Trainee: 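My questions all concern the structure below.
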Amino acid sequence: MYKRKLSMNGKIMLLTFFIIALSFIIAGTFVIGSVLKKQEENIGYEAMLVARTVANLPEVRSGLGNDDFIIGSTKINEIVEEIRFINRADYIVIMNMERKKFSHPSKKEIGKISKSSDLDAAFAEHYYISKAKGDKGTTIRAFVPIMDEKNVQIGVALVGFKLPSFTKFILQFQKELLITIALTIVFSIWGALTLGRHIKKQMFGLEPEEISRLYVERSETFNAMHDGIIAVDKDLIITVFNQKASEILGVSGNPSEKIGRNIYEVLPDTRLPEIFFSGKPVFDQEILVNEHSILSNRVPILVNGEKVGAVAVFKDLTTVKQLAEELTGVKAFVQALRVQTHEYKNKLHTIAGLLHLGHTKQALEYLSQVKEEHDNVTKFLNERIYNENISGLLLSKISRGKELGITVNIDKESRFTKFPEKLDHHDFVILFGNLIENAFDSLVQVDKEDKEITISIDDNDGVLAILVSDNGTGMTDDVKEKIFEKWFSTKSKENRGIGLFLVNEIVNKGNGTIEVISELNKGTTFLITFEL
């Protein structure tokens with residue numbers, strides 16, 4: 001047993017050594033590539049500098065203008081070869097506009113016509129650098145046009161530097177590379193030993209097969225339980241998700257596939273994160289998760305007094321309910337899009353009719369009016385309501401009200417810049433959505449010309465105050481006392497009696513207060529306040 005453990009520990013350290021060594025090699029490869037690229041850029045810069053210097057020499061200009069080619073080329077070649085020797089260039093070639101060579105390291109080439117394919121741009125007064133591959137290696141070449149005193153091109157200066165081969169580059173930095181390799185080996189061994197000891201410590205001295213057996217036993221134990229269990233670590237990554245939890249919450253797929261994912265990606269409304277952050281357990285609380293009502297016990301996980309995660313153990317209380325769209329506001333947004341499409345279609349028909357009748361001025365005025373109304377509302381919501389989800393919901397409710405013949409007024413002094421503690425935009429989408437939809441339901445039942453809903457939001461002086469008021473049917477005192485009870489509703493439709501219950505739950509979660517003022521046949525006002 002001891003030998004097997006020692007062998008396993010050795011394998012871990014050996015693997016760690018190769019991983020660290022490979023990391024150094026990959027990093028070194030990138031560094032060498034970067035150095036080679038930089039060296040190539042420096043050679044190109046040097047070639048261009050030499051080419052510009054040669055092109056601006058008066059002797060080169062006068063030599064190209066000499067009628068006697070032999071005299072001119074001899075003069076140019078002497079000067080150019082001296083510059084080539086000083087700058088260690090591989091070649092410097094001077095050509096006139098007929099591409100005739102006036103200088104070249106090989107005297108046999110002087111007087112010949114260059115047939116190089118990449119010269120055309122240089123004879124069109126372009127400065128550039130190119131890279132050419134030949135039998136003797138790769139050369140960096142700089143092309144510079146030669147201009148006379150009247151700024152007329154009379155030739156081209158071509159300067160070439162050979163790139164050092166990879167072998168030559170390695171030999172050039174031989175000492176540095178040997179030191180780097182030695183340090184890589186030393187640090188790889190040290191890192192492997194250190195990491196190996198750390199891994200063994202983290203695994204409580206257990207072997208991989210022992211850990212695997214414990215993991216399988218734990219997973220099977222959780223799956224055998226009749227309660228749903230979900231646990232997350234300090235990064236809110238799921239560590240336990242048993243089969244019963246998947247069945248109760250209607251989560252499709254293999255439960256084991258959910259392990260390792262963020263809890264918000266799988267179930268954003270479990271309320272497990274708030275247990276972890278608060279460090280306070282909650283027992284026997286009825287909550288709605290993924291459209292399922294459950295009785296949940298949620299407890300933070302402590303190890304040596306430090307919070308390392310949270311676990312939820314829950315039972316199913318109800319069957320599947322069709323509440324997701326109404327609770328999240330998705331249904332409201334889809335409805336708003338439909339209403340807005342219908343509204344814009346009517347406006348387009350109006351504009352088309354005016355244009356067809358030749359009333360272009362009235363069409364433009366109507367178009368400007370529509371645009372101004374839309375821009376004013378959008379600008380107001382963007383400037384005064386800092387969360388786009390809530391802005392979108394309010395905009396959808398304004399459009400929805402127009403379809404129902406109800407005016408939705410938002411107080412021009414409204415301002416919403418901060419969520420109360422423990423609440424987020426999901427809570428406020430539910431809160432605003434249900435309050436406004438209740439107001440719509442109240443107003444569609446009355447027969448009056450001016451149907452209005454007034455919304456006011458104010459977060460001054462450390463208090464967030466929300467007011468939603470309508471001039472609808474109102475409520476009796478008996479109804480007003482029961483509106484926050486779960487499943488209580490004066491309407492006969494399915495899935496009713498949950499909206500105001502959720503609103504009250506959100507207000508309680510945010511330590512807020514809610515006040516209801518209602519008078520039969522005159523309307524209802526909800527006033528909600530939170531401390532910021």
Side-chain angles (χ1 to χ4, degrees), residues 194-195 197-206 208 210-246 248-249 251 255-290 292-317 387 418-428 430 502 505-512 530-532:
T194 303
L195 187 59
R197 287 194 293 265
H198 177 72
I199 291 174
K200 292 293 290 183
K201 183 179 179 181
Q202 292 296 314
M203 295 192 304
F204 301 100
L206 296 173
E210 294 173 321
I211 295 173
S212 176
R213 187 179 68 252
L214 288 174
Y215 176 79
V216 171
E217 291 174 355
R218 188 197 70 160
S219 299
E220 291 304 317
T221 301
F222 286 140
N223 287 329
M225 298 180 69
H226 292 284
D227 291 339
I229 302 176
I230 299 176
V232 297
D233 62 14
K234 62 181 179 180
D235 297 318
L236 305 183
I237 302 300
I238 297 174
T239 56
V240 177
F241 199 101
N242 71 345
Q243 181 66 38
K244 198 64 179 179
S246 180
I248 292 175
L249 299 178
V251 178
S256 61
E257 295 176 356
K258 308 300 183 289
I259 297 173
R261 296 175 59 185
N262 190 286
I263 187 65
Y264 285 117
E265 296 178 9
V266 181
L267 292 167
D269 50 358
T270 59
R271 301 191 187 179
L272 258 182
E274 69 184 54
I275 297 298
F276 172 75
F277 292 121
S278 67
K280 298 179 180 178
V282 175
F283 299 101
D284 296 328
Q285 184 182 47
E286 185 178 349
I287 61 174
L288 198 68
V289 178
N290 198 31
H292 293 72
S293 184
I294 62 173
L295 185 65
S296 173
N297 295 305
R298 304 187 303 283
V299 181
I301 302 172
L302 303 177
V303 175
N304 297 326
E306 180 182 356
K307 290 185 295 183
V308 297
V311 60
V313 181
F314 51 90
K315 296 179 181 293
D316 187 16
L317 290 184
N387 184 270
K418 182 180 180 183
F419 288 120
E421 188 178 358
K422 299 181 181 180
L423 301 182
D424 57 19
H425 71 271
H426 296 290
D427 297 311
F428 277 88
I430 294 172
L502 291 174
E505 287 283 297
I506 291 168
V507 172
N508 291 334
K509 185 171 74 170
N511 297 322
F530 297 99
E531 289 186 4
L532 298 177

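All values reported here derive from a predicted model rather than from experimental measurement.
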Trainee: Hey, could you give me the OG/CD1 distance between S256 and I238, rounded to the nearest 0.5 Å?
Mentor: 11.5 Å

Trainee: Got a sec, which residues hit side-chain contact (heavy atoms from CB on, under 4.5 Å) with P273, two or more places apart in sequence or on another chain?
Mentor: L236, I263, Y264, T270, F277

Trainee: For a quick test of reading the model, state the closest non-hydrogen atom pair linking A310 to L272 and the distance between them.
Mentor: CB-CD2, 3.6 Å

Trainee: Using side-chain contact (heavy atoms from CB on, under 4.5 Å) as the criterion, list what pairs up with D235, not counting sequence neighbours.
Mentor: D233, I237

Trainee: Does E265 have any side-chain contact (heavy atoms from CB on, under 4.5 Å) partners at least two apart in sequence or in another chain, and if so, which?
Mentor: R261, N262

Trainee: Only counting residues at least two apart or in another chain, list the ones meeting side-chain contact (heavy atoms from CB on, under 4.5 Å) with P300.
Mentor: I275, P281

Trainee: The test is side chain to side chain contact (heavy atoms under 4.5 Å, CB included); show your working for I230 and L249 and say whether it passes.
Mentor: CA-CA 11 Å; I230 299 176; L249 299 178; 3.9 Å; yes

Trainee: Measure the spacing between CD1 of I229 and CZ of F314 and express it to the nearest 0.5 Å.
Mentor: 8.5 Å

Trainee: With sequence neighbours excluded, tell me which residues meet side chain to side chain donor-acceptor pair (under 3.5 Å) with K234.
Mentor: none

Trainee: Going by the rule ring-ring contact (aromatic ring centres under 6.0 Å, His included), which residues pair with F276 if we only count those two or more places apart in sequence or in a different chain?
Mentor: none

Trainee: Quick one: salt bridge (Lys or Arg N to Asp or Glu O under 4.0 Å) pairs with a partner in residues 266-277, sequence neighbours left out?
Mentor: none

Trainee: Going by salt bridge (charged side-chain N to carboxylate O under 4.0 Å, His left out), name the residues that satisfy it together with K244, two or more places apart in sequence or in a different chain.
Mentor: E247

Trainee: Quick one: pull up NZ in K258 and CG in L267 and give me the separation to the nearest 0.5 Å.
Mentor: 9.0 Å

Trainee: Would a 4.5 Å heavy-atom cut-off, applied to side chains only, mark V299 and F283 as touching?
Mentor: yes

Trainee: Check step by step if side chain to side chain contact (heavy atoms under 4.5 Å, CB included) holds for V311 and V240.
Mentor: CA-CA 8 Å; V311 60; V240 177; over 6 Å; no

Trainee: Atom CZ of F419 and atom CG of N387: how far apart are they, to the nearest 0.5 Å?
Mentor: 4.0 Å

Trainee: Looking at every non-hydrogen atom in both residues, tell me the closest pair between P255 and F241 and how far apart they are.
Mentor: CB-O, 3.4 Å

Trainee: Which residue pairs pass the side chain to side chain donor-acceptor pair (under 3.5 Å) test when at least one of the two sits in residues 295-313, sequence neighbours left out?
Mentor: Q285-R298, S296-R298

Trainee: Is there a donor-acceptor pair under 3.5 Å between the side chain of D427 and the backbone N or O of D424?
Mentor: yes

Trainee: List in chain and number order the residues that pass side chain to side chain donor-acceptor pair (under 3.5 Å) with D227, two or more places apart in sequence or in another chain; answer none if no residue qualifies.
Mentor: K315

